[in-house]
Protein chains: 2
Amino acid sequence: MILSKSCVYAIRAALYVTANGKGSYVSIREIAEKLDIPFHFLTKILQTLTENNLMTSFRGAKGGVALARAEESISLIEIVKAIDGMDIFKECVLGLPNCGFDRPCPLHDEMVGVRDQIKQTFEQTTLGYLAKKTKDNNFRISALAISA
Amino acid sequence: MILSKSCVYAIRAALYVTANGKGSYVSIREIAEKLDIPFHFLTKILQTLTENNLMTSFRGAKGGVALARAEESISLIEIVKAIDGMDIFKECVLGLPNCGFDRPCPLHDEMVGVRDQIKQTFEQTTLGYLAKKTKDNNFRISALAISA
DNA sequence: TTAAATTAAGATAAAAGAGTCTTAAATAAG
DNA sequence: CTTATTTAAGACTCTTTTATCTTAATTTAA
Ligand code: SF4
Ligand code: SF4
């Protein structure tokens, strides 16, 4: 729910790169294998992140992808914006055309708060913070533990 | 986001029936036209609600659908459960297999709250309450105003 | 220079979600 | 009884998302 599978793949891959990239490029094949994401599918998704200046890529042997900026300066909302777009924060439950405060559906009062809270969370949460938190608490970004 | 289109159609249709049913059956054709939902598609969705004992249906001339119980006793979560299932409240952003408090993803702290809040809203909001609110405030459940 | 590795690009396919169409069964009314 | 109306049921199509496959371009290193 909320995010497309592509977007979830993008976030998980970005977290992997943040945690394992440190200075050098990480190959997409490694990310795909460690996170159990279809390789060619992930390649396209990361291309989109590269096109949106969130990552840089490098072809050829020893190639791969890396974060384009400092990990503390990239928030999840930028990834969501690149993959799913910001429209997901405009509508929500009933998704009527042109909904909003002026033309609300009956659930607006109940839902607009949580919708904006989700948006804020994505805005405020950076890759750096999340990667540290993941490491410190041994959280996982894959079916398997992140360690290994 | 959150709910499938089928589920949104189901909720909107249920609200229409609540507001316009009062005692008698409402034809699916009328609902479909007033809410601008594909007729045959809506028919199937409402069949599911009937199968789940949320609505009763009546074939033949003067036929249609009606709420199976008092409007104050049917909460949105029952409709969501019938159409999309309750799994949407088990996982959320990263949707890793078997996630949860014991095997959390790094966003669990931030997301589990809003996820449960959405669930609570669906649990606590009844068709009767929503229909009244819609009428009192002239909220809409369609691209057009509900009046007419 | 050649071979291996790796991303880029695009075609294709599979799966899921959404929507359409046809026929059958039930019901009311004339 | 017949006809019109309406839900039930199922086949079918269309679209979007997700996934796979092939070839090209780039880069390293032997
Ligand atoms: S709750 Fe508000 S923003 Fe969400 S669908 Fe309803 S009117 Fe639109
Ligand atoms: S936030 Fe919690 S429930 Fe949601 S996907 Fe992550 S681990 Fe699962």
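Letters A, B, ... are given to chains in the order of the sequence lines, protein chains preceding strands, and every chain is numbered from 1.
- Side-chain N/O atoms of A:His40 and base N/O atoms of D:dT18 include no donor-acceptor pair closer than 3.5 Å.
- Taking the charged nitrogens against the carboxylate oxygens, B:Arg115 and B:Glu110 have no contact shorter than 4.0 Å, which rules out a salt bridge.
- Taking atom CZ of residue B:Phe58 and atom C1' of nucleotide D:dT7, one finds them 11 Å apart after rounding to whole Å.
- For the pair A:Lys5 and D:dA19, the criterion of a side-chain N or O lying under 4.0 Å from OP1 or OP2 is met.
- The CD1-C1' distance, from B:Ile28 to D:dA8, rounds to 9 Å in whole Å.
- Whole-Å rounding puts the B:Phe41 CZ to D:dA8 P distance at 16 Å.
- Residue-level contact check: B:Gly60 touches the bases, meaning some heavy atom is under 4.0 Å from a base atom.
- Nucleic acid contact class of A:Thr50 (heavy atoms, under 4.0 Å, all strands): none.
- With A:Arg140 contributing its side chain and B:Arg103 its backbone, the two residues share a donor-acceptor pair below 3.5 Å.
- Within the 4.0 Å cut-off from OP1 or OP2 of D:dA8, at least one side-chain nitrogen or oxygen of B:Ser57 is found.
- Atom NZ in B:Lys62 sits about 10 Å away from atom P in C:dA28, given to the nearest Å.
- Between A:Thr43 and C:dA8, a side-chain N or O to OP1/OP2 separation shorter than 4.0 Å is absent.
- Rounded to an integer number of Å, the gap from A:Leu3 CG to D:dT17 C1' is 15 Å.
- The residue A:Tyr25 sits apart from the nucleic acid: no heavy atom pair falls under 4.0 Å.
- The distance between atom CD1 of A:Ile31 and atom P of C:dA5, rounded to the nearest whole Å, is 18 Å.
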